[in-house]
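Inspection log for the structure reproduced underneath, given as structure tokens.
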Amino acid sequence: MTMNAASYSSVVSHSAFRSLDTKLSPSSSGIPSLIRVTCHSDCNKSTSQASLLLCRSSNNGWKGMLGGTSSWDTLPRRNLIGQTSYSVSTTTYGGVAIESPSHIAEEKVGVLLLNLGGPETLNDVQPFLFNLFADPDIIRLPRLFQFLQRPLAKLISVLRAPKSKEGYAAIGGGSPLRKITDDQALALKDALDAKGLSSNVYIGMRYWYPFTEEAVHQIKRDGITRLVVLPLYPQFSISTTGSSIRVLQHMFREDASLSKLPVSIINSWYQRQGYIKSMADLIEKELQSFSEPKEAMIFFSAHGVPVSYVEDAGDPYRDQMEECIYLIMQELKARGINNEHTLAYQSRVGPVQWLKPYTDETLVELGQKGVRSLLAVPVSFVSEHIETLEEIDMEYRELALESGIKNWARVPALGLTPSFITDLADAVIEALPSAKALYASTSTSEEEHDPLRYLVKMFFGSILAFILFLSPRMITAFRNLI
Ligand SMILES: C=CC1=C(C)c2cc3[nH]c(cc4nc(cc5[nH]c(cc1n2)c(C)c5CCC(=O)O)C(CCC(=O)O)=C4C)c(C)c3C=C
Ligand SMILES: [Fe+2]
């Protein structure tokens, strides 16, 4: 029996497939028990065809064809710098089997969670800030001045450290990000197990331990054969997901075996139903803490980025943020919750223009306009961190109360919320089939093997070049040169 692939889009994401056949085998219950996704050309260039076989397990999860047992090492690892890096172990392998005409091989699935990282002690603050400001995706200097990146990072980190330290001291002397991300990794691994997919879950932090580089080394040592990269930022920004992916691209380009590893990168996931519904659940619940829930304004506060990122560099962050808020509000409206809402941007650093409106200015305005109840919703991050625990809960709360807002509450970050973790697991499963080598074979090598395609390209390329050469603009440009 062959069924429509679209009905299983929640299990199989087919964006990367050039062509796709999905065959579902019926079970006695009438629920299909086996999905075979046959992928031609794009996702596996070394063979002309590859099939991903997922079979429904007794608990309604999806299991691999082989389903045997092969245990991986279960010990926590030490990373290069002597810190424990996260490698969640697997005991049985019930994961994914890839079948090609010539071989059947077990996959070792890895999930790499990307996050920012945070200083664990006050002594870590300045070196953490140095790593952050040394990132060319955080301080974007013109190419000519890039030699100044590290000295500038040193200077800014030393100047900013005292203020940052105060913030970290106020939340207990360090960032909770590592512990929370560790817990999220474990929960995700469990959720994937429950869905029948055994995996190793790794954490790669951009600016503090365990660093992304170490996670990648571990992935290589563990012999992972298929990797899903899941940034813990719902929306994409050049400064967050973009920066971490740049590190990965660099490492994968430089390493022959990594360059062939099939990888699927989930760039953003703010539009996922599971995430939107989980956010709406948290908001709906927290609104009940007000004596008059309908009166409270829902105040989304997102981490800002400099305006130039969006307007000059094409960062989709603001668009994605606005769409995300729209989707959450639609979900709330569908539940009969019609509160007023607004979006503002927090945490600006340095003298440049950041995305507006600014959270602090907006709070003052709202107080002046007579808003009396306000529910703050942090929306660009999925764990508690300095900007929720210190900036929102302390600084902004105080400012709001001074500005005339009487009733204040804040929605917690998603953290380990089960519906959210389950949705992340679904996102991983959906991304798996589209994993492909980042650098293995390029269109050039494909063309080398396809002389007709090469000739057609050359023919039309020459015509285009000829037309361009004869265009009045080109002629004028040439005259000016002579
Ligand atoms: C989506 C989230 C984030 C974006 C976008 C982002 C951009 C961005 N951040 C800085 C500068 C700093 N960020 C700092 C901490 C920090 N940033 C995020 C998230 C985003 N940043 C988080 C979750 C955290 C907290 C981590 C923790 O330790 O808990 C800091 C350090 C703290 C401080 O001194 O305020 C700085 C500095 C820039 C310049 C930027 C975009 C260009
Ligand atoms: Fe930040």
Side-chain angles (χ1 to χ4, degrees), residues 114-122 124-141 149 152-153 155-181 184 205-209 231-244 246 267-270 300-313 315-321 324 343 345-355 359-360 378-396 413-415:
L114 299 176
N115 212 338
L116 188 115
E120 283 163 65
T121 68
L122 294 186
D124 297 339
V125 171
Q126 186 273 324
F128 160 77
L129 290 175
F130 171 81
N131 291 341
L132 188 135
F133 291 118
D135 177 1
D137 287 316
I138 287 284
I139 296 189
R140 301 172 66 244
L141 295 173
Q149 189 90 42
L152 207 61
L155 183 70
I156 302 175
S157 63
V158 169
L159 292 177
R160 189 170 172 90
K163 182 172 185 285
S164 281
K165 275 187 186 176
E166 266 178 40
Y168 285 108
I171 61 166
S175 170
L177 217 56
R178 182 174 185 163
K179 162 88 177 72
I180 297 171
T181 314
Q184 285 173 325
M205 300 290 197
R206 181 66 183 88
Y207 306 119
W208 207 246
Y209 303 97
L232 287 175
Y233 311 96
Q235 306 83 12
F236 180 96
S237 167
I238 294 169
S239 59
T240 52
T241 301
S243 168
S244 286
R246 206 168 47 79
N267 281 306
S268 63
W269 39 270
Y270 66 92
F300 293 97
S301 189
H303 196 301
V305 295
V307 174
S308 64
Y309 279 57
V310 173
E311 293 187 355
D312 305 335
D315 197 334
Y317 182 70
R318 180 172 60 192
D319 285 348
Q320 293 195 357
M321 189 59 72
C324 176
L343 164 67
Y345 293 91
Q346 65 176 86
S347 318
R348 59 188 189 275
V349 186
V352 296
Q353 283 258 335
W354 283 57
L355 290 183
T359 294
D360 49 4
V379 74
S380 39
F381 220 60
V382 293
S383 37
E384 300 295 345
H385 56 283
I386 188 169
E387 273 126 12
T388 55
L389 301 169
E390 198 271 337
E391 205 170 357
I392 298 185
D393 289 355
M394 298 178 193
E395 288 181 42
Y396 294 146
L414 282 165

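Order of appearance sets the numbers: ligands from 1, and atoms from 1 within every ligand.
- For ligand 1, the atoms closer than 4.0 angstrom to any heavy atom of Phe381 are 23 (C).
- Taking CH2 from Trp208 and CG from Leu132, the interatomic distance works out to 11.5 Å, rounded to the nearest 0.5 Å.
- Nearest to atom 38 (C) of ligand 1 among the protein's heavy atoms is Trp354 CH2, 3.6 Å.
- Distances shorter than 4.0 angstrom do not occur between any heavy atom of Gly174 and any atom of ligand 1.
- Of the possible donor and acceptor atoms, none in the side chain of Asn115 sits under 3.5 Å from a partner among the backbone N and O of Leu232.
- In plain terms, the two heavy atoms of Ile386 and Gly167 that are nearest each other are CD1-C, 3.6 Å.
- Near Pro306, the atoms of ligand 1 lying under 4.0 angstrom from a non-hydrogen atom of the residue are 41 (C), 42 (C).
- Every atom of ligand 1 is numbered from 1 in the order shown, and the set under 4.0 Å from a heavy atom of Val305 is 5 (C).
- For atom 10 (C) of ligand 1, the closest heavy atom belonging to the protein is His303 CE1, 4.1 Å.
- Proximity to Phe133 (heavy-atom distance under 4.0 Å) selects the following atoms of ligand 1: 37 (C).
- Regarding atom 25 (C) of ligand 1, its nearest protein heavy-atom neighbour is Ile386 CG2, 3.6 Å.
- The nearest heavy-atom contact from the protein to atom 11 (C) of ligand 1 is Leu132 CD2, 3.7 Å.
- Between the Fe ion (ligand 2) and the N, O or S atoms of His303, the shortest distance is to NE2.
- Residue Gly118 approaches ligand 1 through these ligand atoms, each under 4.0 Å from one of its heavy atoms: 28 (O).
- Counting protein heavy atoms only, atom 28 (O) of ligand 1 is closest to Tyr168 OH, 2.4 Å.
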- Kindly indicate, with the supporting measurements, whether the criterion side-chain contact (heavy atoms from CB on, under 4.5 Å) is fulfilled by Gln235 and Ser268. CA-CA 5 Å; Gln235 306 83 12; Ser268 63; 5.5 Å; no
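- Nearest approach of Pro234 to Val382, heavy atoms of both residues: CG-CG1, 4.0 Å.
- Neither the backbone nor the side chain of Ala302 has any atom closer than 4.0 Å to an atom of ligand 1 (non-hydrogen atoms only).
- Side-chain contact of Glu387 with Gln346: a donor-acceptor pair under 3.5 Å is absent, judged by distance alone.
- Scanning all protein heavy atoms for the shortest distance to atom 34 (O) of ligand 1 gives Ser164 OG, 2.3 Å.
- If you look at Glu387 next to ligand 1, the close heavy atoms, those under 4.0 Å, all belong to the side chain.
- Taking the centre and axis of the six-membered ring of Tyr309, the NZ or CZ atom of Arg140 falls inside the cone set by 45° and 6.0 Å.
- Under a 4.0 Å criterion applied to the non-hydrogen atoms of Ser239, ligand 1 contributes the atoms 5 (C), 7 (C), 41 (C), 42 (C).
- Gln149 approaches Ile139 most closely through the heavy-atom pair NE2-O, 3.0 Å.
- Centroid-to-centroid, the aromatic rings of Phe236 and Tyr317 stay 6.0 Å apart or farther.
- Nearest protein heavy-atom neighbour of atom 1 (C) of ligand 1: Ser380 O, 3.5 Å.
- Of all the heavy atoms in Asp124 and Pro119, the pair that sits closest is CB-CB, 3.6 Å.
- Under the salt bridge (charged side-chain N to carboxylate O under 4.0 Å, His left out) criterion, Glu166 pairs with no residue, sequence neighbours left out.
- Contact annotation: for Trp208 versus ligand 1, there are no heavy atoms closer than 4.0 Å.
- Annotation for Ala413 and Ser383: closest pair CB-C, 3.4 Å, computed over non-hydrogen atoms.
- For the pair Arg160 and ligand 1, the shortest N or O to N or O distance falls below 3.5 Å.
- Set against the non-hydrogen atoms of Thr240, the atoms of ligand 1 under 4.0 Å away are 1 (C), 2 (C), 3 (C), 4 (C), 5 (C), 6 (C).
- Using cut-offs of 30° and 60° for the angle between ring planes, the Tyr233 and Phe381 rings count as tilted.
- Summarising the geometry of Gly118 relative to Leu177, their closest heavy-atom pair is N-CD2, 4.3 Å, with the distance given to 0.1 Å.
- Ligand-side atoms of ligand 1 in range of Ser175: 27 (C), 28 (O), 29 (O), range being under 4.0 angstrom from any heavy atom.
- Looking from atom 26 (C) of ligand 1 to the surrounding protein, the closest heavy atom is Leu116 CD2, 3.5 Å.
- Contact annotation for Asp137 and ligand 1: no heavy atom of the residue comes within less than 4.0 Å of the ligand.
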